[in-house]
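First comes the structure, then the notes that go with it.
Just so you know, these numbers use all the heavy atoms, side chains as well, and skip hydrogens, waters and symmetry mates. We count ligands from 1, going down the list as the structure has it; atoms in each ligand are counted the same way.
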Amino acid sequence: MLAYGTFAQHSQNTVFPIIPRPASLVPSDEHFQLNKSTAIFVSRQSLQPSADLLKQAISHLGHFAVLSSENKKENVISLETDATEVPEKEGYFLRISQNKVEITGHDEAGVFYGIQSLIQLLYLNQSSSAGLQLPGCAVKDSPRFSYRGLHLDVGRNFFPVSFIRKYIDLLSFYKFNTFHWHLTEDQGWRIEIKKYPELQSVSAFRDETIIGHKKDSPHRFDGKKYGGFYTQQEVKEVVEYARSKYVTIIPEIEMPGHAMAALAAYPNLGCTGGPYKTATFWGVFDDVFCAGNDSTFHFLEDVLSEVLALFPSKYIHIGGDECPKTQWKICPKCQKRMKDEHLKDEHELQSYFIRRMEKYLNSKQREIIGWDEILEGGLSPKATVMSWRGEEGGIAAAQQKHDVIMSPESHLYLDYYQSLNPNEPIAAGGFTPLKKVYDYDPVPGELKPEEYQYIKGIQANIWSEYLYNQAQVEYMVFPRAIAVSETGWSAKTHKNYEDFLKRLRLHKIILRDKKVNFFDRFEELNFSFTTHNDGKVSVHLSSTLPQANIRYTTNGKNPGMNDKVFKNDFFVEKSTIFKAQLFGGTKPYGKVFEQSFDFHKAIGKSLTLKNKPKGNFNPKDPLALVNGITGSLRYNDGQWSGFSGENFEAVIDLGIVQNIQKLGLNILKYHWQRMWEPNVLVFYLSENGKDYKEVYRQKTFPENAVNKVRASVPLTKARFIKIEAENKGIIPKGEYGAGNKAWLMIDEIYVN
Ligand code: ACM
Ligand code: ZN
C-alpha cells in the first residue's frame, strides 16, 4: 500500500496538473501506456455513462480504448465504487500503474471526478513519439465542501440550451456539483409554465434593451424586441444532461422582487394592478409581487408545482433579494395583511411571504435557498442563506444554525472587472482579479468552530446585464471559476496561488481545445504605488509570468525590447506618463500598462483625516489622496477613499507657507453604487493651522461619474489647507439602496 503524504512535486517531465488540487498525489516511476487494446472496465451498469465519457475523451485526443465487461489483469482502466476503501462522499482513488489504471469512487460521483482528473492527465501528458503515456501515481481525493456552485443569470441576456450544456460540461470538469439557474428576472421570464401561457408570450420578451452601462445618463435604447425561454422539454433534457455529469441544477424563481416580467403578463399580482412592462434596463424596481393578494401565492404555487416536476433538486431558490417595500407601504392589501398577521413592518411582511412559500415547498419535500435579505424580518425555519452582500448574512445565518452558501459580491461576482485595463469590455463594476477570487475563503474568522459546519460551500455568480453573448460569459467566468473550484474542493491548507498558476498555465491547452474564450491575461502586470514624505511616488510592478521582464518608458511611447528594464521601484518626481509592458522572454504579454501622474504642491505632504476611509475604499497607501494619481471609474482601483455615512474632513500641512491659487478635488458620483456627491464642499486656507479662511464653496456636482472640482482662489499665502465635504447621509427614498448610508468617494486633492 502506498503512503498518502503531502502533494508531491514531480521531478521529471511528467506533470500532474490536476485542478482542483487533489488531497494527495504520490508519483511513481511507472507508466501506463495506452494503446489500441486498452480496455475500460466498469463494475456496474450505472457507471457505463462515465465509461462512455472517458472513451470519448480518449478518442477526442486521438487515441483509442474499448469498453469491456471483463476486468482484465493488464492494459485496463477499471472503474468501480467502494465506500469502504473511499469513505468520503464524492471522493475517489486514482491509481496509475504499469498494468492498470484504477479509479475507485466512494460513489458514482466519485468515479466521475476520478475520471475528470484522469482526463486532465491525458490532456497534459501527450508525448508525440511514445503515444499516450500516463505517469504513474496514486491520487486520493475528496472535496472540502459538499456544495460547489456556479450560477448563471439568463434573465438579462438569454443563452441557448447548447451553451447551457457547454457550461455544465465545463463546471463538472472542474468538479463543481451545482448549477444555479437564475430563470426569472425583471427583464425576462425564461421558463415555460404551461398553466400561464402569457409568461411565454409576454414575460419572456421585452420591447428593447438599454445600450451600455446603466450608469450612463440619459439611458439609450436599441429599439429591438428581445427575448426567449426554455421549453419544459428543453429543461428536462438539460436537467438529465446535468445529472449524467453529477451536477444538480437549482432553479431560481425570484420573489417577491425582480418580478416586472411576470407582472407585465399578470398585472393583478402587483400592488397597483399595473399596467406593467417587462423591464428594458437594469436595476431594482419598486413594483414587486403584492404580498396582500392571495392570488400571488396561488400563482407562485402553481408555477413552483410545474418547476418541481422538472427539477428533482432538494433545494429550490426563491430569490428574496432586492425587494423594495415602497409599494407595500401604500398598498391597502399589503397593509391589511400586516394587520391581520400582526406583522410590525414591511420586513416582517417579506418574511411572511418567504415563510409561506417555504411552507408550500416543505410540504412537497423540498427546501428553500434565498439571498441574504431573507434574514430581514426573521429567517424562515429551514432556509439556507446565500450570502451575497458580503459575509455578514452568512455569519448571522450560521449563528442561527442555518445552512449557508458563501457567494460574496466582493470576491465571487464574476461579472465584475478582472483587469484594470481601460479597454476591457464593459462590465458591472468593481475589480475582482484572479488572485482575489483564489484567495477568498468561505469560512469567516468570526464564526466559532462549532458553527463551521453550517458553511456548506461556495458559489460564484454571473449576472448577465453586460454579457451580450456566450463568448463574453466565458471571458468573465474563466479562469476565475477555476479558482473558485479549487476553493470549493481543496483543503485550505492545500491551496497555494503559485502552485495553482503552474497548473492553470497548462490548462490553457485544455481550455483552448474546449473552445473556451477565457481571459488569458491573468498574469498581466500587478502594480502598486507608494507615496513618500519627500514628495516622490514610487511605482512597483510585478508579474507572476515565468521569465517575465518588464520594460518601461516615461516619454509617452509604448515600451519595446530596447527600452529600460524595470528592476527596482521607479520614483516619479514630476508630472509623468509612465508606461510599461510585460514580456515573457521577448514576447509581449498583455496590454500596455499606463499611468499618468499629475504633480502638485500637496504630493506626499502630511495629511490628517478626521474620519477614516472604510471597507473596500480604504487605500493601502495612506497618502493615496495626495499621490498625483486620479482614481478612475473602476472605483475598486485602490485610489478612492470612501466615507460611509460620514463627512470628509482633511487638513494638509504643506510644511512651509507658500502662495496658493488653485485647489481641487475629485468626487465619484455613482448613485447605482450608493456613491453620492456631498451636500456641500468647502475649502479653507490658513497660515498657522488655527485661523482658517473659507476660500471656496460648491454645492452641485452634475456628472454621474468623476466630478473634477478645480477652483481658482484669490492668491493667498498659506501652509494649511482644510477641506470639508458633507456626506449625503442616508440615501433618499426611491433611490438605489434607499435607507442605507451613502458613500462619499474622494480621490486626489490638488493644491497649486
Ligand atoms: C443579487 O446580486 N441581487 C443577489
Ligand atoms: Zn400589495
### Query
Is there any N or O on H258 that sits under 3.5 Å from an N or O of ligand 1?
no
### Query
Is it the case that more than 12 heavy atoms not belonging to K436 sit under 6.0 Å from its NZ atom?
yes
### Message
Using a 3.5 Å cut-off on N or O atoms only, is D321 in polar contact with ligand 1?
### Response
yes
### Task
Taking the Zn ion (ligand 2) as the vertex, measure the angle between atom SG in C290 and atom SG in C334; round to 10°.
110°
### Task
Establish, yes or no, whether the cationic atom of R337 lies under 6.0 Å from the six-membered ring centre of Y352 and within 45° of the ring axis.
no
### Query
Which ligand 1 atoms does W463 reach within 4.0 Å, using its non-hydrogen atoms?
1 (C), 2 (O), 4 (C)
### Task
Going by the side chain to side chain contact (heavy atoms under 4.5 Å, CB included) test, name the single residue among E252, E358, M255 that passes it with I318.
M255
### Task
Check whether any side-chain heavy atom of V437 sits under 4.5 Å from a side-chain heavy atom of L412, and report yes or no.
yes
#### Entry: Contact check, side chains of I455 and M406, non-hydrogen atoms, under 4.5 Å
yes
### Location of contacts on E322 toward ligand 1, heavy atoms closer than 4.0 Å
side chain
### Query
For ligand 1, which atoms sit closer than 4.0 Å to a heavy atom of Y413?
1 (C), 2 (O), 4 (C)
